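Quick notes on the structure that follows.
It should be emphasised that the depicted structure is a prediction, and the values quoted were computed from it without experimental measurement.
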Amino acid sequence: MFGIILGLAVLMGLAYIGWSILWVAPIAAGVVALTGGLDLLDAYKDTYMGGLVDFAKSWFPVFMLGAIFGKLMEDTGMARSVAVALTKLIGKERAILGVLASAAVLTYGGVSLFVVVFAVYPLALTMFKEANIPRRLIPATVALGAFTFTMTAVPGTPQIQNLIPMEYFATDAMAAPFMGIAAMMVMAVGGYLYLRRREKKLKAEGEAYTEPKDKNVLNQDAVTPNFFLSLLPLLTVLVTLNAFGWDIIVALISGILLIMLLNLPKFKGFVSAINSGASGSVTAILNTSAAVGFGTVVKAVPGFDRLTELLMGIRGNPLISEAVTVNILAGATGSASGGLGIALEALGSRYYEIAMESGISPEAFHRIASLASGGLDALPHNGAVLTLFAITGMTHKDSYKDVFVVAVLIPVVAVAVAILLASIGIY
């Protein structure tokens with residue numbers, strides 16, 4: 001037990017100061033192995049690498065195709081087209097709503113979080129400037145649209161955080177729709193009202209929009225494709241995945257082919273976009289797989305049985321135990337998918353057994369696992385948060401307070417609401 005806690009502390013501490021989880025996770029796993037009485041070399045070569053490889057084998061196609069889909073949406077201008085149209089439709093007087101809606105639509109359509117940040121940020125600058133909203137609110141606005149409800153709550157979302165639980169609970173992407181919609185409303189409405197309140201408060205204190213030091217991201221004259229055509233690939237992924245029940249791999253390939261078909265005059269750039277997306281996906285899948293490998297070692301030590309007893313012994317609804325476990329591990333790794341992968345690799349089968357024995361729908365366990373992965377994951381060391389600040393030119397001091405409220409605090413409340421619904425049989 002002490003070794004597992006120490007290993008988690010090492011993992012979280014080193015990730016927090018910016019060290020890559022690719023080599024931090026094996027070190028943390030070594031701490032667990034040594035204190036758990038395992039042979040260090042065998043624990044690394046067999047147990048750790050076995051968990052890493054098994055996860056990568058199962059999920060690499062999804063990571064790669066998702067990254068290629070997002071990169072093609074970005075390079076063809078389709079992602080920007082969607083964002084531009086939505087922000088214009090909503091209007092400058094509701095700039096915060098326009099930016100978060102743009103980020104939400106792109107994320108729900110299957111575009112990766114990182115691509116969404118690049119696509120939406122230039123538009124956020126324009127909108128916030130016209131509305132004279134302090135620029136420090138841009139990171140939280142984008143985070144609300146891309147890192148929260150469309151990632152974990154909205155039924156049918158093709159984001160990986162909603163797909164991973166399917167393997168463990170024999171569910172689909174639409175699992176527990178009422179719980180998901182309720183959580184979505186808490187996050188979306190609660191986060192938006194908070195940001196509007198912050199906008200009014202900052203303006204009342206005399207704070208106004210300030211120009212960024214780096215204006216290279218501003219390319220307002222770029223020609224964008226037709227909005228309705230740009231929506232088609234997003235709709236294709238959603239419809240084929242949820243309405244037709246196609247495998248996510250087939251759904252993403254369909255979206256990719258449609259992007260290419262609709263942008264034939266730009267075919268010379270396809271290879272570059274596909275190469276870039278495929279290369280970027282390698283780091284993403286390895287980061288998550290490394291975290292899962294750590295969880296595999298934890299599962300192999302004797303202290304894991306005691307840890308399982310403690311987690312399963314949390315009083316009340318077993319969904320509370322699952323939510324606590326996933327949230328803590330997501331926070332420790334600074335990764336929603338990483339924490340989710342560790343938790344379900346270690347305890348997914350146990351939670352499925354509980355679902356079968358208790359009469360609670362496996363769909364409820366799926367949705368709570370997904371929702372919980374999007375809470376403490378957005379602590380200061382989270383990779384997406386760091387990227388968001390780097391792109392927007394903000395610092396933790398400038399903007400993290402607001403990111404914490406919309407991407408950590410409110411999502412945790414949303415999990416509690418979803419658990420409450422499940423406890424009265426509403427899935």
Side-chain angles (χ1 to χ4, degrees), residues 1 4 51 55 58 149 151-157 160-187 242 245 292 295-296 298-332 336-377 411-427:
M1 279 286 294
I4 293 173
F55 186 88
S58 297
F149 58 95
M151 185 178 81
T152 64
V154 187
T157 177
I160 193 70
Q161 292 79 8
N162 184 47
L163 301 178
I164 290 176
M166 292 165 52
E167 177 182 344
Y168 299 91
F169 299 112
T171 50
D172 59 30
M174 291 292 294
F178 293 107
M179 292 170 62
I181 291 171
M184 175 194 74
M185 294 301 295
V186 171
M187 286 187 260
N242 297 296
V292 173
T296 307
V298 169
K299 189 177 179 180
V301 298
F304 176 73
D305 291 335
R306 178 58 182 152
L307 178 62
T308 301
E309 290 177 13
L310 289 175
L311 292 172
M312 296 297 182
I314 294 177
R315 301 187 63 167
N317 194 315
L319 295 173
I320 298 174
S321 164
E322 183 187 40
V324 170
T325 302
V326 174
N327 246 315
I328 289 174
L329 292 173
S337 58
L340 182 62
I342 293 175
L344 295 186
E345 176 65 25
L347 296 169
S349 60
R350 293 292 299 274
Y351 285 122
Y352 186 72
E353 290 175 6
I354 291 174
M356 295 294 98
E357 295 168 357
S358 65
I360 299 175
S361 172
E363 291 194 7
F365 282 88
H366 170 133
R367 186 56 54 204
I368 292 301
S370 180
L371 288 170
S373 73
L376 297 183
D377 70 305
V412 169
V413 174
V415 174
V417 171
I419 292 174
L420 181 61
L421 286 178
S423 68
I424 57 176
I426 299 177
Y427 305 127

>> Side chains of Arg367 and Asn162, heavy atoms from C-beta outward: is any pair under 4.5 Å?
In response: yes

> What pair of heavy atoms forms the shortest contact from Leu340 to Ala369, and how long is it?
Replying inline: CD1-O, 3.5 Å

>> For Phe178, is the CZ atom crowded, meaning more than 12 foreign heavy atoms sit under 6.0 Å from it?
In response: no

>> With a 3.5 Å distance limit and no angle check, can you tell me whether Thr325 reaches the backbone of Ser321 through a side-chain donor-acceptor pair?
In response: yes

> To the nearest 0.5 Å, how far apart are CZ in Arg350 and CD in Glu322?
Replying inline: 13.5 Å

> What distance separates Leu376 CG from Ile328 CD1, expressed to the nearest 0.5 Å?
Replying inline: 8.0 Å

> For the side chain of Glu363 and the backbone of Ala176, is there at least one donor-acceptor N/O pair under 3.5 Å apart?
Replying inline: yes

> Just how far is it from atom CZ of Phe169 to atom OG of Ser361, taken to the nearest 0.5 Å?
Replying inline: 10.5 Å

> Hey, what do you get for CD1 (Ile320) to CD1 (Ile368), rounding to the nearest 0.5 Å?
Replying inline: 9.5 Å

> Does some side-chain heavy atom of Leu371 sit less than 4.5 Å from a side-chain heavy atom of Met187?
Replying inline: yes

> When you measure from the side chain of Ser337 to the backbone N and O of Gln161, does any donor-acceptor pair fall under 3.5 Å?
Replying inline: no

>> If I take atom OG from residue Ser358 and atom CG from residue Asn317, how far apart are they, to the nearest 0.5 angstrom?
In response: 8.0 Å

> Is the closest side-chain heavy-atom distance between His366 and Tyr168 below 4.5 Å?
Replying inline: no

>> Within this structure, what is the CG-CG distance for the pair Asp377 and Asn327, rounded to the nearest 0.5 Å?
In response: 8.0 Å

> Are any of the side-chain heavy atoms of Thr157 and Phe149 separated by less than 4.5 Å?
Replying inline: no

>> Show the nearest heavy-atom pair for residues Val412 and Gly375, with the distance to one decimal.
In response: CG2-CA, 4.3 Å

>> With side chain to side chain contact (heavy atoms under 4.5 Å, CB included) as the criterion, how do Ile354 and Phe365 come out once you've worked through the C-alpha distance, each side chain's angles and the decisive distance to 0.1 Å?
In response: CA-CA 10 Å; Ile354 291 174; Phe365 282 88; 4.0 Å; yes

>> Quick check: closest heavy atoms across Ala422 and Leu319, and the distance to 0.1 Å?
In response: CB-CD1, 3.4 Å

>> How close do Pro155 and Gly180 get, counting heavy atoms only, and between which atoms?
In response: CD-C, 4.4 Å

> Of all heavy-atom pairs between Thr152 and Ser370, which one has the smallest distance, and what is that distance?
Replying inline: O-OG, 3.0 Å

> Which heavy atom in Thr171 sits nearest to a heavy atom in Pro165, and how many Å separate them?
Replying inline: OG1-O, 4.0 Å

